[in-house]
K.L.:
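This is the structure I have questions about; it appears just below.
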Amino acid sequence: MARIAYFGPEGTFTEQAARTLAGPGDELFPVETIRLALAAVRRGEADSACVPVENSVEGPVPATLDGLAEREPLIAVAESLLPVHFSVLVRPGTTRIETVGSHPHALAQVREWIEANLPGARTLASSSTAAAAVSVQAGELDAAVTAPVAVQHYPLEVLATGVNDVDDAQTRFLLVRRPGRPLPEPTGADRTSVVAAAANRTGALAELLTELAGRGINLTRLDARPARGNFGEYRFFFDFEGHIAEPRIGDALAALRRRCHEVRFLGSHPRADGVRATVAPSAANEDFVDAAAWVEAVRNGDLA
């Protein structure tokens, strides 16, 4: 049985994602922030943590990216992809709505719905969607934009559900743990993640991308975050198709390590959407194996 910390409180999309990633008998417990979820794993209070990493509408989750790039290493071993449709919860008997609260990412995804259905209502940011529900329960807000599961945890009524401005919005969540155990086996439909700190000079990012492109590796995400304490310098977060166990991926990671003053491996694991890697001609794993074997033969004097 494993203990899984998740970005809470109860009733968030992260709780839903954690339940899809948990095994039979695993214990889930909420913490107040993403950083605290990661810290629980680093301190050994949790075996793993479930945190959001990106949303198809609002983009990356900075707290997760920064939390994985700093302090002791953690690696992602699984992911969950959830459709994002919200509920709007109110106290029983509410007839007038002047304030609506939620996490900033959630508010951004229902902005048009609020303007059309709750004209004049002020939107206020909360630390999470469930925290907004708590504020409604306490009388501090009139309505909360939450995950549908939140109504199971709080004595509130559903004003509307299935609320979203973009029909196919999704959020991706990661299950992260401390390194030291074997990685998930490659499946052919995998994702590898790294964060790299390159020199602050012209063409540095282009050089890193060239290392991937030259090996026929398809990027699935690229983000940049400022390196704390070094104004003007950035860390680059790469997600790409493939698994570190594959020769072509290992070769690419070695090239990134040569070009950067810091590279942190963030994990290789199966993709939640099951999409298999797109491999360019002459960039298959067997091509890398054959090429390495040829070089070794040349070194040994076999020029046939």
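Side chains included, hydrogens not; waters and symmetry mates left out as well; all remaining heavy atoms used. Since we're looking at a predicted model, the values are computed, not measured.
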K.L.:
When you compare the side chain of Leu208 with that of Cys260, does any pair of heavy atoms fall below 4.5 Å?
P.N.:
yes

K.L.:
State, without any angle test, whether Thr12 and Ser128 hold a side-chain donor-acceptor pair at a distance under 3.5 Å.
P.N.:
no

K.L.:
Which of these passes side chain to side chain contact (heavy atoms under 4.5 Å, CB included) with Val77: Leu21, Leu174, Leu175?
P.N.:
Leu175

K.L.:
Find the distance between CG (Asn218) and CZ (Arg191) and round it off to the nearest 0.5 Å.
P.N.:
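Here the interatomic distance stands at 10.5 Å.
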
K.L.:
Could you give me the CA-CA distance, side-chain angles and deciding distance for Arg35 and Arg71, then say whether side-chain contact (heavy atoms from CB on, under 4.5 Å) is met?
P.N.:
CA-CA 11 Å; Arg35 285 190 173 274; Arg71 299 181 177 84; 2.9 Å; yes

K.L.:
Rounded to the nearest 0.5 Å, what separates atom CG in Leu124 from atom OG1 in Thr99?
P.N.:
6.0 Å

K.L.:
Between His103 and His105, what is the ring plane arrangement, given parallel below 30°, perpendicular above 60°, and tilted in between?
P.N.:
perpendicular

K.L.:
Are Val163 and Val166 connected in a single hydrophobic cluster, I mean Ile/Leu/Val/Met/Phe/Trp/Tyr linked by side-chain heavy atoms less than 4.5 Å apart?
P.N.:
no

K.L.:
Are the charged groups of Arg178 and Glu72 less than 4.0 angstrom apart, N to O?
P.N.:
no

K.L.:
Identify the residue among Thr146, Thr123, Val145 that makes a side chain to side chain contact (heavy atoms under 4.5 Å, CB included) with Ser102.
P.N.:
Val145

K.L.:
Roughly how far, to the nearest 0.5 Å, is the CG atom of Leu156 from the OG atom of Ser87?
P.N.:
11.0 Å

K.L.:
What verdict does the salt bridge (Lys or Arg N to Asp or Glu O under 4.0 Å) test give for Arg215 and Glu211, after you've listed the backbone C-alpha separation in whole Å, the side-chain angles of each residue and the deciding distance to 0.1 Å?
P.N.:
CA-CA 7 Å; Arg215 292 165 175 81; Glu211 296 289 2; 2.7 Å; yes

K.L.:
Set out, in order, the CA-CA distance, both residues' side-chain angles and the distance that settles salt bridge (Lys or Arg N to Asp or Glu O under 4.0 Å) for Glu207 and Arg258, then state yes or no.
P.N.:
CA-CA 11 Å; Glu207 291 174 358; Arg258 290 195 306 271; over 6 Å; no

K.L.:
Looking at OG of Ser135 and CD of Glu140, how far apart are the two atoms once the value is rounded to the nearest 0.5 Å?
P.N.:
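Rounded to the nearest 0.5 Å, the OG-CD separation comes to 4.5 Å.
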
K.L.:
Between Asp47 and Arg181, does any NZ, NE, NH1 or NH2 come within less than 4.0 Å of an OD or OE carboxylate oxygen?
P.N.:
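Looking at Asp47 together with Arg181, the answer is no, because their closest N to O distance does not fall below 4.0 Å.
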
K.L.:
Which distance, rounded to the nearest 0.5 Å, do you find between the NE2 of His153 and the CD of Glu15?
P.N.:
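CD of Glu15 is found 4.0 Å from NE2 of His153.
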
K.L.:
Can a salt bridge be assigned to the pair Arg225 and Asp223 using a cut-off of 4.0 Å between side-chain N and carboxylate O?
P.N.:
no

K.L.:
Looking only at the aromatic ring of each residue, does the gap between the centers of Phe13 and Phe86 stay below 6.0 angstrom?
P.N.:
yes

K.L.:
On a heavy-atom basis, which atom in Ser268 and which in Thr192 lie closest, and how many Å separate them?
P.N.:
OG-OG1, 2.6 Å

K.L.:
For the CD atom of Glu54 and the OG1 atom of Thr220, what is their distance to the nearest 0.5 Å?
P.N.:
7.5 Å

